[in-house]
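The figures that follow rest on heavy atoms only: side chains count, while hydrogens, waters and symmetry mates do not. In this chain, residues are counted from 1 in sequence order.
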Amino acid sequence: TLSLHDALPIFSREFKRQTGITVHQYIVKAKLDLCKRLLEKGYPMTEIYKICGLGNYNNLFRAFKREFGITPGEYVRQFQERQKTKSDVH
C-alpha cells in the first residue's frame, strides 16, 4: 500500500489531468466563489477574507482580481446594478 506521502503526488497529477487545474487552484477558486456569494449578501470585506481563509484583504483583492478580472468593489457595484435592473423590469 502507498503511504500518504507517496499518494499525494499521484493524486495531484490525476486531479490535474481530470480537471485541468491543480488542487491549489481548485481550492482558491472555491474560496473566491464563496467570496462572491458573501459580497452579494452584503458581508463586509473585513469579514469575507477571514471567512474564506484568505489571510488578509490584500490577498483577497489580488486573488479576486486575478480570477475575475475586476476588484471586489467593482463586482459589488456590478451585482447591485444587475439587481436594480431586475427590480426595474418586474
Side-chain angles (χ1 to χ4, degrees):
T1 63
L2 289 176
S3 70
L4 182 58
H5 176 75
D6 294 332
L8 283 175
I10 296 167
F11 170 78
S12 294
R13 277 193 305 275
E14 186 61 21
F15 186 92
K16 181 160 185 176
R17 190 179 74 73
Q18 293 284 330
T19 65
I21 61 174
T22 66
V23 173
H24 179 262
Q25 289 168 323
Y26 178 85
I27 292 168
V28 170
K29 182 160 178 32
K31 288 178 177 184
L32 292 172
D33 287 342
L34 176 58
C35 289
K36 283 172 81 173
R37 291 193 303 275
L38 295 174
L39 286 168
E40 291 168 6
K41 291 182 179 188
Y43 278 72
M45 294 299 284
T46 54
E47 293 300 313
I48 291 174
Y49 73 78
K50 294 173 192 172
I51 293 168
C52 296
L54 291 166
N56 60 49
Y57 175 77
N58 288 333
N59 290 342
L60 167 60
F61 185 92
R62 283 191 308 272
F64 197 97
K65 180 141 181 153
R66 185 173 40 247
E67 178 70 22
F68 302 117
I70 58 175
T71 67
E74 290 168 334
Y75 178 79
V76 169
R77 283 189 290 283
Q78 290 178 8
F79 175 77
Q80 290 171 340
E81 187 59 36
R82 285 192 308 272
Q83 295 305 105
K84 183 181 180 305
T85 302
K86 281 183 186 177
S87 66
D88 289 347
V89 171
H90 292 73

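- Considering only heavy atoms from C-beta on, Q78 comes within 4.5 Å of I70 through its side chain.
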Run the side-chain contact (heavy atoms from CB on, under 4.5 Å) check on C52 and L32 step by step: do they pass? CA-CA 8 Å; C52 296; L32 292 172; over 6 Å; no

Determine, stepwise, if the pair I51 / Y43 fulfils side-chain contact (heavy atoms from CB on, under 4.5 Å). CA-CA 10 Å; I51 293 168; Y43 278 72; 3.9 Å; yes

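- The nearest pair of heavy atoms linking T19 to I21 is OG1-O, 3.0 Å.
- Considering SG of C35 and CE of M45, their distance stands at 7.0 Å, rounded to 0.5 Å.
- Annotation: side chain of K36 is in contact with side chain of F68 (closest heavy-atom distance under 4.5 Å).
- Annotation: the span from H24 atom NE2 to K16 atom NZ amounts to 13.0 Å, rounded to 0.5 Å.
- Residues I10 and F15 have side chains not in contact (no heavy-atom distance under 4.5 Å, counting atoms from C-beta outward).
- At a threshold of 4.5 Å between side-chain heavy atoms, the hydrophobic network of Ile, Leu, Val, Met, Phe, Trp and Tyr places L38 and I27 in two separate groups.
- The distance from the CD1 atom of I48 to the CG atom of L60 is 7.0 Å, given to the nearest 0.5 Å.
- Although no hydrogens or angles enter the test, the distance criterion places a donor-acceptor pair under 3.5 Å between the side chain of Q25 and the main chain of T22.
- Under a 4.0 Å N-O distance rule, the pair K29/D33 qualifies as a salt bridge.
- Between L54 and K31, the closest side-chain pair of non-hydrogen atoms falls below 4.5 Å.
- Considering only heavy atoms from C-beta on, T71 comes within 4.5 Å of F61 through its side chain.
- Within a 6.0 Å radius of CZ in F79, other residues, nucleotides and ligands contribute more than 12 heavy atoms.
- With a 4.5 Å cut-off on side-chain heavy atoms, F11 and V23 count as touching.
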Pair Y75, F64 - check side-chain contact (heavy atoms from CB on, under 4.5 Å), show working. CA-CA 10 Å; Y75 178 79; F64 197 97; 3.7 Å; yes

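- One side chain, Q18 or E14, offers a donor N or O that lies under 3.5 Å from an acceptor on the other.
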